[in-house]
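Structure first, commentary second.
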Amino acid sequence: MSTIAVAPGRGPDESAIRIPNYLNTGTTLRSWLLTTDHKRIALLYFASLTAFFFIGGAAAVVIRLELATPQGNLIGSDTYNRLFTMHGIVMVWFFLVPAVPNTICNFVVPLMLGAKDLAFPRINLLSWYLFMAGGLLTVASLVAGGVDTGWTFYTPLSTLFANSYVALAALGVIVVGFSSIATGLNFIVTVHKLRAPGLTWYRLPIFIWSLYATSVILVLGTPVLTIALVLLLVERILKVGIFDPALGGDPLLWQHIFWFYSHPAVYIMILPGLGVVTELVTCFSRKRLFGYKFVAWASIGIAVIGFLVWGHHMFVSGQSLFASLVFSFLSYVVAVPSAIKVFNWTATLHGGWIRFDAPMLYALGFIGLFTIGGMTGLFLAALAVDVHVTDTYFVVAHFHYIMVGGMVSAFFGALHFWWPKITGRMYPEYWARTAAALMFFGFNLTFFPQFILGYLGMPRRYHAYPPEYQVWHVLSSGGAVLLAIAYLMPLVYLTWSMFRGVRAGPNPWQATGLEWQTPSPPPKENFATTPVVVRGPYDYRDRAAHPQHG
Amino acid sequence: MPSVTFWPEQAGSYAVEVDWLFFGLLLVTGLTFFLLMFLLVRFMVRYREGSRAERDLSGEKGWHWEIGWTGASLVIFVAFAAWGANLFFRLYQPPADALEIFVVAKQWMWKAQHSGGQREIDELHVPVGRPVRLVMSSEDVIHSFFIPAFRIKHDVVPGRYETLWFEAVKTGTFGLLCAEYCGTLHSGMLGRVVAMEPRDFAAWLDAQPGSDGLAQEGAALFRSLGCSGCHGPGGTVRAPPLQGLYGHPVPLADGRVVTADERYIRDSILLPKAEVAAGYPDIMPSFAGQIREEDLVRIVAYIKSLASDAPPSQVGSRTP
Ligand SMILES: [Cu+2]
Ligand SMILES: [Cu+2]
């Protein structure tokens, strides 16, 4: 069994003992920008993603303020259209897709596997530069005057009608796609090759299974998006008829290719969240996961079936009746593995010793919101109901419940859970719990009214709207303000805690995973000696945690 | 203070059934959700860290729970898929006696053409109690024709005809919205549907500055565009007669047989090379880009009006 260096205690005289860790070995700018240490690259991603999250969020706030009154009187309709487009593009490709994989996973996956780094450390760094290049192109399109096609770039609007910087933004998304592919590939190889001795597949934390499924989608799905966007550029710039019928193209072709990527992309965004929640629920209920194998294979099931349901975005588009019937059926099938996960988490709580630390609050919030998001997906998969609610606020509410209520909650849960590992410090618990509660409340106030709006027939992407919808919009806008405040809170107290937080020690949650068996913050090479794994994850017996290594 | 609405009006024959399906989903998912939340909260309270509750984990082994909830979810889901599909199926089967109206969408307005030649913009007058079938096309980008009170919606796609049918069951004025984002004034692409008693509807039609009817207008275009030079009785080239075409099967040169519906007629005019009638040379020129959507509608209406005419005998049979 390996002896592992223990971090200094919580004494006031902490600067006296400077144990080398990944943060203090090398402090020049160069040592950061050229680093191949997965932990530092994760922090580079953290910084960039935070910026994008607030750019996308600012757009959302302006949108919600505009919608407080039925007349479009705060901003013009062209500005409005550019804002929701930017909100979508930035949030999807520059926050949600990379959120957990590139930040949290980048940091903790090698630690969880008992590895020194990812399989390809330099590709990991390259992936960050690609991400930034794509981000700069997209921001450039924003600064130049914006894009007004919606993040879905529907043709022929995007190819021959939109008078905005479509090509620049599309290029940005193409470039960031390569970053996704590189990241996905890196994780797949890492999980196959760099597991510590004794860490068999069924001893992997579910978080790794989820990330593995995510990476498979990233690698198989993203190239399809790249192809779609290249075709779009060809038609837009060279006027070659691909999508526009006036040039002999087919507008529905775009929708097929785009959703072939973008539906699986929904799972790219949510699967890591499902992994996070599994880690949190087991750790804070001090219990083994109920139905480990079912939860693990459910991730793979979602990734596979997720590729076969894209047509559910096209029920009213003119797609054939038979195709719609098949896609509706498969959309119900893909909901089953998600349901399995929710049931297993609930069963895990049974008979546990449940603690309500901030990460657990985010996880519990996730379960509630994700369940509502998933259940409203069942409404949308029902063909006749979809005809009425597709392209309305019902859809907007549905996917925000999954993406924001689900994924963003999971992101914050993960952030709080691994924060002590990343920084070596604890955040103020009171503020963290308050932020979690405010996020939950603000979220529901923002998005629940949108289900009602949608069923009433309020279409999405409307700058102005008939006055009978106003009351619901006002509630939603009020919620958005609360939500904005809630999202700013962690920015403040987490930053504060980096300097003033109490020293965390290696394993503040008494968790079982390998990442907790090394000091916080971890040394550059992660482990003094490679740990040998002797048991599965989540081995909490009689409230005591039995670490995975011996 | 504006009034609060909780439920959209039910004004179309389809609305009631869609609402039932919605209620069904609401009931089942709602009950499941509350059961789940009840269990979550109960476990959270009972098994909180400090509680002394008995922790009996003996019942946790075995696959029966997993099989149970997986199976139950699947059965319920399949039932809903079938229910939704069954209703949806009907949207694809317009009754034979439906009143036909052409709708042309463009950035950012709705134009409707009745078979009598009456035209309206951002309004659609229809009789109650009679199925109405819309034949829709777009002049530019994709739009989506949406009447919440009828619970129907369908995309209007450039380059093709899409159809949709409904039956208004009560008189009144109902919102018509564009549901597919279509550029700057997407949110201004609003109209209204006016459902009237059949008597009133007939009177309304009479009062419109109409013409001799869409088909008559189409006949004039058919001559002025030079179609009649080939397709007319004294044609100089061998072109198929268009009498008796609509609604009938057409053998194509590549061996397929298609039904001559609106789409076929439209494509024959704009993309003549795509589907060539068997036994004829493919010399018909394409009219793509030369005929406005609204005129195309007139020509299609004209060719449809020939459906019941017998083909002139001197041209002979259309089967090769
Ligand atoms: Cu989808
Ligand atoms: Cu529109």
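Letters A, B, ... mirror the listed sequences (proteins, then strands); counts begin at 1. These numbers come from a predicted model, not from an experiment.
- At a 4.5 Å heavy-atom cutoff, the contact between B:Arg160 and chain A is made by side-chain atoms alone.
- Chosen from B:Ala82, B:Gly183, B:Ala179, the residue pairing most often with chain A at heavy-atom distances under 4.5 Å is B:Ala179.
- Within the 4.5 angstrom heavy-atom criterion, only backbone atoms of B:Cys182 (N, CA, C, O) approach chain A.
- The backbone N or O of B:His186 sits nowhere less than 3.5 Å from a side-chain atom of A:Arg461 that would complete a donor-acceptor pair.
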TODO: I would like to know whether A:Leu383 and B:Phe89 meet side chain to side chain contact (heavy atoms under 4.5 Å, CB included); could you show each step before the answer?
DONE: CA-CA 9 Å; A:Leu383 286 162; B:Phe89 205 64; over 6 Å; no
Task: Full working for side chain to side chain contact (heavy atoms under 4.5 Å, CB included) between B:Leu185 and A:Ser77 - done: CA-CA 7 Å; B:Leu185 292 185; A:Ser77 54; 3.8 Å; yes
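- Counting heavy-atom pairs under 4.5 Å between each of A:Leu321, A:Leu349, A:Thr371 and chain B puts A:Leu321 at the top.
- For the set B:Val157, B:Ile147, B:Ile152, B:Leu177, the entry with the most heavy-atom pairs within less than 4.5 Å of chain A is B:Leu177.
- Two residues are said to be in side-chain contact when any heavy atoms from C-beta on lie closer than 4.5 Å; A:Asp391 and B:Glu180 meet this criterion.
- Interface remark: B:Phe33 contributes backbone and side-chain atoms alike to the contact with chain A (heavy atom separation under 4.5 Å).
- Contact check for A:Pro337 versus B:Thr70: no side-chain heavy atoms found under the 4.5 Å cut-off.
- In this structure, the portions of B:Val18 lying under 4.5 Å from any heavy atom of chain A include both its backbone and its side chain.
- With chain B as the partner, the residue from A:Pro70, A:Ala464, A:Gly352, A:Ala246 showing the most heavy-atom pairs under 4.5 Å is A:Gly352.
- With contacts defined as side-chain heavy-atom distances shorter than 4.5 Å, the pair A:Met314/B:Asp155 does not qualify.
- Neither the backbone nor the side chain of A:Arg286 comes within contact range of chain B; no heavy atoms are under 4.5 Å apart.
- The most heavy-atom pairs under 4.5 Å with chain B, out of A:Val333, A:Val336, A:Asn344, come from A:Asn344.
- Looking at A:Phe84, only its side chain comes within 4.5 Å of chain B, counting heavy atoms on both sides.
- Side-chain contact check for B:Gln107 versus A:Phe161: some heavy-atom pair is nearer than 4.5 Å.
- Neither the backbone nor the side chain of B:Glu54 comes within contact range of chain A; no heavy atom of the residue lies under 4.5 Å from a heavy atom of that chain.
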Task: Verdict with supporting geometry, A:Asp148 and B:Tyr181, side-chain hydrogen bond (donor to acceptor under 3.5 Å, both in side chains) - done: CA-CA 10 Å; A:Asp148 64 346; B:Tyr181 174 66; 4.5 Å; no
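- A heavy-atom distance below 4.5 Å is not found between the side chains of A:Trp345 and B:Leu40.
- A side-chain N or O of A:Asp78 and one of B:Thr184 form a donor-acceptor pair less than 3.5 Å apart.
- Per-residue counts of heavy-atom pairs under 4.5 Å with chain B were compared for A:Phe343, A:Phe329, A:Tyr455; the largest is that of A:Tyr455.
- B:Phe6 touches chain A through backbone and side chain together, each having a heavy atom under 4.5 Å away.
- Heavy-atom distances place no part of B:Thr163 under 4.5 Å from chain A, backbone and side chain included.
- In terms of heavy atoms, A:Trp353 sits closest to B:Arg55 at CE3-NH2, 3.1 Å.
- For A:Thr149, the part sitting under 4.5 Å from any heavy atom of chain B is the backbone (N, CA, C, O) and nothing else.
- Ranked by heavy-atom pairs under 4.5 Å with chain A, the list B:Cys178, B:Gly159, B:Pro8 is led by B:Pro8.
- Neither the backbone nor the side chain of A:Thr376 comes within less than 4.5 Å of any heavy atom in chain B.
- Heavy atoms closer than 4.5 Å to chain B are found in the side chain of A:Leu325, but not in its backbone.
- Between chain A and the options B:Pro158, B:Gly175, B:Gly50, the largest number of non-hydrogen pairs under 4.5 Å is found for B:Pro158.
- Looking at A:Ala335, both its backbone and its side chain come within 4.5 Å of chain B, counting heavy atoms on both sides.
- Neither the backbone nor the side chain of B:Val156 comes within contact range of chain A; no heavy atom of the residue lies under 4.5 Å from a heavy atom of that chain.
- More than 12 heavy atoms of other residues, nucleotides or ligands shown are found within 6.0 angstrom of CH2 on A:Trp151.
- Heavy-atom pairs under 4.5 Å with chain B were tallied for A:Thr392, A:Ile372, A:Ile452; the largest tally goes to A:Ile372.
- The parts of B:Asp140 that come within reach of chain A are both its backbone and its side chain, each placing non-hydrogen atoms under 4.5 angstrom from that chain.
- Looking at B:Tyr92, the atoms closer than 4.5 Å to chain A (heavy atoms on both sides) all sit in the side chain, from C-beta outward.
- Side-chain N or O atoms of A:Trp472 include one that pairs as donor or acceptor with a backbone N or O of B:Thr5 at under 3.5 Å.
- B:Met37 touches chain A through its side chain: at least one heavy atom from C-beta onward sits under 4.5 Å away, while N, CA, C and O do not.
- Relative ring orientation between B:Tyr47 and A:His350 is described as perpendicular, the plane-to-plane angle rising above 60° on a 0-90° scale split at 30° and 60°.
- Residue B:Leu190 touches chain A through its side chain alone, counting heavy-atom pairs closer than 4.5 Å.
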Open item on the list: Let's go through B:Arg48 and A:Phe356 carefully: what are the C-alpha distance in whole Å and the side-chain angles of both, what is the deciding distance for side chain to side chain contact (heavy atoms under 4.5 Å, CB included) to 0.1 Å, and is it a yes or a no?
Closed with: CA-CA 8 Å; B:Arg48 66 189 185 279; A:Phe356 297 97; 4.1 Å; yes
- [ ] Please lay out, stage by stage, how B:Trp63 and A:Phe294 fare under the test ring pair (Phe, Tyr, Trp, His ring centres under 6.0 Å).
- [x] CA-CA 10 Å; B:Trp63 291 37; A:Phe294 286 88; 5.3 Å; yes
Task: From CA spacing to verdict: ring pair (Phe, Tyr, Trp, His ring centres under 6.0 Å), A:His388, B:Phe146 - done: CA-CA 8 Å; A:His388 178 55; B:Phe146 179 27; 5.7 Å; yes
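- Only the side chain of A:Gln255 comes within less than 4.5 Å of a heavy atom of chain B; its backbone N, CA, C and O stay farther away.
- Of the listed residues A:Leu160, A:Val389, A:Val316, the one with more heavy-atom pairs under 4.5 angstrom with chain B than any other is A:Val316.
- Minimum heavy-atom separation, B:Glu66 to A:Ile340: OE1-CG2, 4.1 Å.
- Contact of A:Phe379 with chain B is made through backbone and side chain together, with heavy-atom distances under 4.5 Å.
- Heavy atoms closer than 4.5 Å to chain A are found nowhere in B:Ala288, neither backbone nor side chain.
- Of the listed residues B:Val78, B:Val141, B:Ile142, the one with more heavy-atom pairs under 4.5 angstrom with chain A than any other is B:Val141.
- With a 4.5 Å cut-off on non-hydrogen atoms, A:Leu453 does not touch chain B at all.
- When the candidates B:Gly30, B:Gly188, B:Ala81, B:Ser73 are compared by the number of heavy-atom contacts under 4.5 Å with chain A, B:Ala81 comes out ahead.
- Heavy-atom distances place no part of B:Leu270 under 4.5 Å from chain A, backbone and side chain included.
- Counting heavy atoms of neighbouring residues, nucleotides and ligands inside a 6.0 Å radius, atom CG of A:Asn73 exceeds 12 of them.
- In this structure, B:Phe77 and A:Tyr332 have tilted ring planes: the angle between them lies in the 30° to 60° band.
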